[in-house]
Amino acid sequence: MSTNQIVEELKKHIAEFEKSVEVEEVGTVIEVGDGIARMTGLSKCQYQEMLEFTGGVFGVALNLEEETVGAVILGDFKQIKEGDAVKRTGRILSVPVGKNVIGRVVNALGQPIDGKGEIKSDKFYPVEKIAPGVMTREGVHEPVQTGIKAIDAMIPIGRGQRELIIGDRQTGKTAIAIDTIINQKGQDMKCIYVAIGQKESKVARIVAKLQETGAMEYTTVVVAGASDPASMSLFAPYAGVAMAEYFADQGEDVLIIYDDLTKQAWAYREISLLLRRPPGREAYPGDVFYLHSRLLERACKLNEKYGGGSITALPIIETQAGDVTAYIPTNVISITDGQIFLETDLFYRGIRPALNVGISVSRVGGSAQLKPMKKVAGKLKLAMAQFREMEAFAALSSDLDPETKKQIELGQRMTELLKQPQYSPMAVEDQVAVIYAVSNEYFNKFTVKEVREVEKKFLEFLHKTKVSLLDKIAKGTWDDEVEKELKEACGEFVK
């Protein structure tokens, strides 16, 4: 290359040169340990902004004080030392959303952990967002069919509702949630299951079951494992609801399960104490109510003007020895629209789901219940309530008057009917038919032990001979003609 050419080339580069200034705010780590870090020099840092430490580890700013910033570390805090530089990213904590997260298992940051490659998404939603206001919502009026007889009949859930599942450990809380997800097949509902502080082996079993039943086709699993840092358990539920909000904004219906929020509260307490926030009742910080309220308020049914989408939340809370008066259970009970209370005694007596009908309630789900179910469930609720009152006398059945004896026998048959094995949700029309048959004493000629076998045969009979009747019930039709047809079918079967 000649001298002239070199000069020309240099002139060209000088002409194309553009001056640009990049300003980065960099601070210094002054304290680190147990998954938290304190920094100085980040005066313009925002709440929940992502911070980048040396070695590519990220953190999230949670404490904004006059001189320092306190952050939780998302990842291995052992790589960070005092005196390290920390950089502001200018990005508020957000997760990838969209169709591509469906069928995937991700962590609390939306990163895939199922070994199926990266999630391609050009849309990100912030994990924290203000819940939709009153004017954008409408009343709950469409049902969420859980496929569990006792719940669909007595504690109905509607789209946009928040229904708490509460009980001691090992009483079948997760089983109800997983059955509900399996039952959403063909119901036009996306599902998000958030596992908070769960053993990875348990989550792997759940994912395998969802794949086996074909439920992973419409489900996303967000995992903050027991071995992950506490910060992951804190942010996982918010990441899950951010993914749900994307679909609700598109006018779709989403079911989200938080399993369980007790562990999120524990993680928050741990982080708060490390960040030196003052402890209050049961060592939780004063704002622990806000932790759950701002999460659960994001579940709603949007009105038509805003697309008509919905997020239905089923938070799970674990109690200690059935104590629903503890701090976290009372908080979450007051935020939700009702609770499904699972009792240890019933569970060990073989009544599963171990539903305590007395304490369980659904405050808004009644208006979402299908008409046929509403008609047949009224009798069921009354009979179950009377039976629970008289159950103590059942042992002394020798000296009971015939009327009381009859009520106790009906209650025993209904209790038997409401037992349901795991992973076998039932279609709503089948539920209506069997509840109608038992409530109207068509099963009285069979013993209590025979009830479940008879129920199976009765449903086989209906599916062979009365398909049109079942279709009418499934569509929500209930009039004198349908009832007459169902009555005749029951009579025909018993003969």
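For reference, positions follow the sequence shown, starting with 1.
Atom CZ of Phe341 is separated from atom CG of Leu355 by 10.5 Å, given to the nearest 0.5 angstrom.
A donor-acceptor pair under 3.5 Å is absent between the side-chain atoms of Gln407 and the main chain of Met390, judged by distance alone. Proximity of a side-chain donor or acceptor of Asn107 to a complementary backbone N or O of Ala224 within less than 3.5 Å is not detected. Glu318 places no side-chain N or O within donor-acceptor distance of the main-chain N or O of Asp260, the cut-off being under 3.5 Å. The closest donor-acceptor contact from the side chain of Glu282 to the backbone of Tyr327 lies under 3.5 Å. Side chain of Thr319 to main chain of Ala321: no donor-acceptor pair is present (N/O by atom type, distance under 3.5 Å, no hydrogens or angles). Judged by distance alone, the side chain of Asp228 and the main-chain N or O of Gly225 form a donor-acceptor pair under 3.5 Å. Judged by distance alone, the side chain of Gln420 and the main-chain N or O of Ser424 form a donor-acceptor pair under 3.5 Å. Without hydrogens or angle criteria, Ser360 side chain to Val357 main chain gives no donor-acceptor distance under 3.5 Å. Judged by distance alone, the side chain of Asp259 and the main-chain N or O of Thr174 form no donor-acceptor pair under 3.5 Å.
In this structure the side chain of Val428 reaches within 4.5 angstrom of the side chain of Met373, judged on heavy atoms. Between Arg349 and Leu346, the closest side-chain pair of non-hydrogen atoms falls below 4.5 Å. The side-chain heavy atoms of Ile178 and Thr180, taken from C-beta on, include no pair separated by under 4.5 Å. Looking at heavy atoms from C-beta onward, Ile340 lies in side-chain contact with Ile157 at the 4.5 angstrom threshold. Put simply, the side chain of Phe387 reaches to within 4.5 Å of the side chain of Thr415, judged on heavy atoms. With a 4.5 Å cut-off on side-chain heavy atoms, Asp249 and Tyr306 do not count as touching. Counting heavy atoms from C-beta on, the side chains of Leu370 and Trp478 never come closer than 4.5 Å. Under the 4.5 Å side-chain criterion, counting only non-hydrogen atoms from C-beta, Arg294 is in contact with Tyr238.
Ring planes of Phe458 and Phe461: parallel class, angle under 30° (limits at 30 and 60°). Taking the six-membered ring where tryptophan is involved, the planes of Tyr125 and Tyr246 are perpendicular, since the angle between them exceeds 60° and thus also 30°.
Taking a cutoff of 4.0 Å between a charged side-chain nitrogen and a carboxylate oxygen, Lys209 and Glu212 qualify as a salt bridge. A salt bridge links Asp114 to Arg104: at least one charged side-chain nitrogen sits closer than 4.0 Å to a carboxylate oxygen. Taking 4.0 Å as the cut-off between side-chain N and carboxylate O, Lys149 and Glu455 count as a salt-bridged pair. A salt bridge links Lys466 to Glu492: one of the charged nitrogens lies within less than 4.0 Å of a carboxylate oxygen. A salt bridge is defined here as a Lys NZ or Arg NE, NH1 or NH2 lying under 4.0 Å from an Asp or Glu carboxylate O, and Glu429 with Lys475 fails to meet this definition. Of the charged side-chain nitrogens involved, none lies within less than 4.0 Å of a carboxylate oxygen, so that Lys379 and Glu441 do not count as a salt-bridged pair. Salt bridge status for Lys419 with Glu416: present, with a side-chain N to carboxylate O gap under 4.0 Å. Ion pairing between Glu217 and Lys185 fails under the 4.0 Å rule for side-chain N and carboxylate O.
Cation-pi check for Lys190 over Phe247 is met; the charged atom lies under 6.0 angstrom from the ring centroid and within 45 degrees of its normal. Stacking of Arg269 on the aromatic ring of Tyr284 is recorded, both the 6.0 Å distance cut-off and the 45° axial limit being met.
Contact between Pro421 and Arg452 at its shortest, heavy atoms only, is CD-NH2, 3.9 Å.
Between the side chains of Ser362 and Gln161, a donor-acceptor pair is found at a separation under 3.5 Å.
The only member of Asp337, Thr336, Thr312 that meets side-chain hydrogen bond (donor to acceptor under 3.5 Å, both in side chains) when paired with Arg162 is Asp337.
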